[in-house]
Amino acid sequence: MRMKTLPIFLVFLCMGFGDAVGPFVGLAKETFQLSNTMAQLIPFTGFLMFGLLSVPMGVFQDKHGKKNVLLTGVLIMLIGLLIPTIFGFSYYALFLVTILLLGAGATILQVAGNPIMRDVSAEGKYSRNLSLAQFVKAIGSLSGPLIPAGAAYFYSRDWRVIFPVYSIALMLTLLLIAFMRIHEKEVKEKTASFKSCLSLLKDKFVLMMVLGIFLYVGSEVSMSSGVPIYLESEFGVDISTLGVLGAGLFFLTLTIGRFAGGIILNWMKPANFLMLTVVLAVIGIIGLFFGVQTIAIISVILIGLSFANIFPLIFSITVDRMPERSNELSGLMVTAIVGGAVLPLLMGVLADLTNSLIGFLVPLAAMLYITTIALSVKRTNNT
């Protein structure tokens with residue numbers, strides 16, 4: 001089983017590369033001399049693909065299998081990363097093409113990766129295993145701010161060194177997936193379709209959870225892209241070095257939180273854990289508004305730890321409610337990751353109209369709504 005799961009965990013690592021679009025915002029803002037709104041086109045371009053591709057790939061996956069979908073996603077990401085490696089960064093528009101393909105590949109990997117983890121999980125362990133897989137994904141996310149910071153500090157190289165590094169990792173993953181053998185559980189006789197996917201939204205519980213994914217991912221990308229800019233504008237931190245490490249701190253605590261979540265879920269019910277994490281997330285975001293650097297750093301740590309398990313909890317709670325519709329649910333919920341395109345753009349517009357701190361009202365409002373979702377899930381599970 002270990003040899004079969006290794007390629008899957010590498011897939012989750014590669015998914016994390018897609019989260020680098022958050023740290024790219026501050027770096028590209030300086031490189032291309034962009035406004036907040038123009039810089040936020042980076043996550044908008046990348047996460048837009050979740051809205052366009054997720055349901056079609058869920059339907060395709062239902063007919064052709066998860067392994068083929070995984071191969072497709074890795075290949076598309078690899079092509080996107082090779083563009084700046086070969087052609088450089090002369091034009092912002094060309095850089096956005098790279099982000100577009102990176103987002104498309106990450107979308108496809110999300111559609112297949114989340115439900116395939118259920119295929120290899122023991123009964124009742126899906127939430128735990130998905131949190132551990134998200135921990136591996138968080139390592140990939142953490143590389144987004146840390147590789148550029150390390151390259152600048154130790155080798156006097158700029159942030160663009162990250163692209164050939166990611167390309168090598170994707171090539172290895174592509175080879176391992178190609179030789180992977182896995183038994184994909186058959187959950188139903190009826191083949192998925194666009195109609196069957198969208199019909200699930202008639203279920204109030206599914207609609208609520210899909211909205212939860214939309215708001216959560218938008219909040220996560222808003223935090224990863226907004227923290228370096230916030231540290232620079234509020235406390236004068238150099239965005240090319242220590243500012244990037246602000247996003248790194250967020251992703252580091254996100255990584256730790258996901259590993260801890262995999263352990264905690266051995267004894268805490270998913271619904272109770274979801275309630276705890278969203279409350280802590282709200283407290284963390286409010287802490288940013290005190291305007292004190294020490295409190296801001298503590299808040300970023302708390303936000304990372306509390307954000308860590310919200311996505312896998314919402315996802316796994318929903319799939320466990322309707323396991324026979326896992327492919328369709330996966331397509332719908334991965335579509336909702338398009339929130340990573342919408343909320344950061346709103347945050348950028350608000351920041352341009354006011355300041356970077358006020359922009360955090362966008363993820364704060366989103367997390368307050370997710371708190372009501374957590375309350376509903378907890379109430380439902382206790383009745």
Please confirm whether the backbone N or O of [Y] pairs with a side-chain atom of [X], one donor and one acceptor, at under 3.5 Å?
X	Y	value
Asn266	Ile263	yes
Asn68	His64	yes
Tyr166	Cys14	no
Tyr216	Phe307	yes

Measuring from [X]:[atom1] to [Y]:[atom2], what's the distance to the nearest 0.5 Å?
X	Y	atom1	atom2	value
Thr37	Asp352	OG1	CG	3.5 Å
Leu364	Met223	CG	CE	10.0 Å
Leu313	Leu265	CG	CG	5.5 Å
Ile373	Ile310	CD1	CD1	10.0 Å
Met209	Arg321	CE	CZ	7.5 Å
Thr173	Met15	OG1	CE	11.0 Å

Ring centroids only, cut at 6.0 angstrom: are [X] and [Y] within range, meaning strictly under it?
X	Y	answer
Phe12	Phe135	no
Phe47	Phe50	yes
Phe32	Tyr91	no

Worksheet entry | Positive for side chain to side chain contact (heavy atoms under 4.5 Å, CB included) with Thr45, one of Val97, Thr98, Leu100, Leu102 |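 So the option named by the test is Leu100.
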
With the side chain counted from C-beta on, respond yes when [X] and [Y] share a heavy-atom pair under 4.5 Å apart, and no when they do not.
X	Y	answer
Phe205	Thr380	no
Thr107	Gln110	no
Ser376	Met208	yes
Leu78	Leu101	no
Met38	Tyr92	yes
Val300	Thr253	no
Leu52	Met49	yes
Val74	Leu109	yes

Look at the side-chain heavy atoms of Ile, Leu, Val, Met, Phe, Trp and Tyr, link any pair under 4.5 Å apart, and say whether [X] and [Y] land in one connected group.
X	Y	answer
Leu353	Leu361	no
Ile298	Val279	no
Leu175	Ile8	no
Leu302	Val278	yes
Ile256	Phe259	yes

What are the two closest non-hydrogen atoms of [X] and [Y], and how far apart are they?
X	Y	value
Lys378	Ala271	CA-CB, 4.1 Å
Ala112	Val69	CB-CG1, 3.7 Å
Ser167	Leu82	OG-CD2, 3.9 Å
Phe315	Ile213	N-CD1, 4.4 Å
Thr318	Leu329	O-CD1, 3.8 Å
Ala133	Phe9	CA-CE2, 3.7 Å

Practice prompt. Determine, step by step, whether Phe214 and Met333 satisfy the side-chain contact (heavy atoms from CB on, under 4.5 Å) criterion, reporting the C-alpha distance in whole Å, the side-chain angles of both residues, the deciding distance to 0.1 Å, and the verdict.
Written response: CA-CA 8 Å; Phe214 178 91; Met333 287 190 287; over 6 Å; no

Worksheet entry | Trace of the side-chain contact (heavy atoms from CB on, under 4.5 Å) decision for Leu346 with Val342 | CA-CA 6 Å; Leu346 292 176; Val342 178; 4.2 Å; yes

Practice prompt. Give a yes-or-no answer on whether the side chains of Asn309 and Thr277 include a donor-acceptor pair shorter than 3.5 Å.
Written response: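 No, because no side-chain N or O of Asn309 sits under 3.5 Å from a partner of the opposite role on Thr277.
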
Item to complete: Could you go through the side-chain contact (heavy atoms from CB on, under 4.5 Å) check for Leu231 and Val227 one step at a time?
Response: CA-CA 6 Å; Leu231 291 176; Val227 164; 4.0 Å; yes

Fill in: Phe235, CZ: over 12 other non-hydrogen atoms inside 6.0 angstrom
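Check passes, neighbour count above 12.
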
Discussion item. Apply side-chain contact (heavy atoms from CB on, under 4.5 Å) to residues Leu276 and Asn272 and explain how you reach the verdict.
Written reply: CA-CA 6 Å; Leu276 174 64; Asn272 294 336; over 6 Å; no

